[in-house]
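Every number for a ligand or one of its atoms is a count from 1 in the order of the listing.
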Amino acid sequence: MDELEQAAAALRAGGLVGMPTETVYGLAADALDAAAVLRVFAAKGRPTFDPLIVHLPDAGWLERVAVPSPRARLLAAACWPGPLTLVLPRTAAVPDAVTAGLDTVAVRVPDHPLARELIRRCGRPLAAPSANRFGCVSPTTAAHVREQLGAAVAVVLDGGPCRIGVESTVLRPDPLPVILRPGGCTRERLEELLGEPVALAGREDRAAALALPAPGMLASHYAPAAPLTLREPGAPWPADPALGLLAFTGAGLPAGPRHEVLSARGDLAEAAAALFAALRRLDAAGVRAIIAEEVPAHGLGLAINDRLRRAAGKG
Ligand code: AMP
Ligand code: MG
């Protein structure tokens, strides 16, 4: 039995699988099996009020789990497979465990051949959050998944390092399009495709969309073990050698502290792909604290800055 078949069999039996996608690695379970889905929450230590994204092999499966609107159909046709998650009214097939009891479900088609083949072989949509312990940095390699969740999964499929490196953009297309979480699909592209403005939800709106018991509860997320602080724009980098510095282009870095440069040529896509592994390396180096700088706030920069602010606990 090859590894893919082994993974599909484990999923059909209610088990968990580490699944490569183009964004980050997912911790996958059969989305239509409530008991399997609850195992995902338990393995991650994720609160059950935080709903999961359902992954499909192609847009043809959409009606099995959701009721698409005209905007949803347009975006699915243009952006899938790809890093765009649509929040749509759900069908009765989707268990409450997946949606945290909401009447909407988040769905996408990942742009990774192994992920889509796995879902096809399993024959069921897969619910998958990022394959890390809740609140920690998301995994962008199979080794990251094995380190944190190796004991909880039947198989980790190795699809190489993630091409995009930050999670999908979560968009609620109706009644008016709102980005609930910035991610791998840019706001500019969505506005171009829809021909209308796309709003960016603040922390309060996000909490309301998720019906969270306490707004802002999930402000601290995607966090490394070392405390992370954002450098004031324009302020010099500190030179304390016990610190770890997370820089965009590396301009003006002092000698002394350990540092990571996300993209020397200032490319936001390259920076996004490098972000989570860089945070992990600074942690592994045992730095006392991490000082990071925000990147330009356009394109993938929105997703990078969102993750940095949440790593700093600033939502
Ligand atoms: P993760 O699986 O960690 O990438 O996170 C998935 C995120 O998708 C959740 O934390 C929510 O922000 C969002 N999400 C999932 N389902 C819904 C939904 N039904 N309504 C709004 N947001 C959702
Ligand atoms: Mg996550």
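- With a heavy-atom cut-off of 4.0 Å, Thr99 does not touch ligand 1 at all.
- Of the possible donor and acceptor atoms, none in the side chain of Asp96 sits under 3.5 Å from a partner among the backbone N and O of Ala100.
- For the 3.5 Å distance criterion, the side chains of Ser138 and Glu167 qualify, holding a donor opposite an acceptor.
- Side chains of His55 and Pro125 form no contact here, defined as non-hydrogen atoms less than 4.5 Å apart.
- In this structure, the side chain of Arg231 engages the main chain of Ala235 through a donor-acceptor pair within 3.5 Å.
- Close approach of ligand 1 to Thr104 (heavy-atom distance below 4.0 Å) involves ligand atoms 18 (C), 19 (N), 20 (N).
- Contacts between Arg172 and ligand 1 below 4.0 angstrom, taking non-hydrogen atoms only, are absent altogether.
- Heavy-atom distances between Arg46 and ligand 1 reach below 4.0 Å in at least one pair.
- With a 4.0 Å heavy-atom cut-off, ligand 1 is reached by no atom of Arg108.
- Contact of the Leu268 side chain with the Phe248 side chain is registered, since non-hydrogen atoms from C-beta on lie closer than 4.5 Å.
- The ligand atoms of ligand 1 that sit less than 4.0 angstrom from a heavy atom of Leu102 are 18 (C), 19 (N), 20 (N).
- Looking at ligand 1, you won't find any N or O of Glu167 less than 3.5 Å from one of its N or O atoms.
- Close approach of ligand 1 to Asp50 is summarised as follows: ligand atoms under 4.0 Å from at least one heavy atom of the residue are 9 (C), 10 (O).
- Using a 4.5 Å heavy-atom threshold, the side chains of Arg280 and Pro224 count as separate.
- Put simply, Ser130 gets within reach of the Mg ion (ligand 2), with an N, O or S atom under 2.8 Å from it.
- In this structure, the separation between CG on Asn132 and CZ on Phe276 is 8.5 Å, given to the nearest 0.5 Å.
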Worksheet entry | Stepwise side chain to side chain donor-acceptor pair (under 3.5 Å) test for Arg108 and Thr23 | CA-CA 12 Å; Arg108 85 176 189 104; Thr23 57; 3.2 Å; yes

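- For atom 2 (O) of ligand 1, the nearest non-hydrogen atom from the set Ala100, Pro129, Ala106 belongs to Pro129.
- Under 4.0 Å from ligand 1, the heavy atoms of Leu180 that appear belong solely to its side chain.
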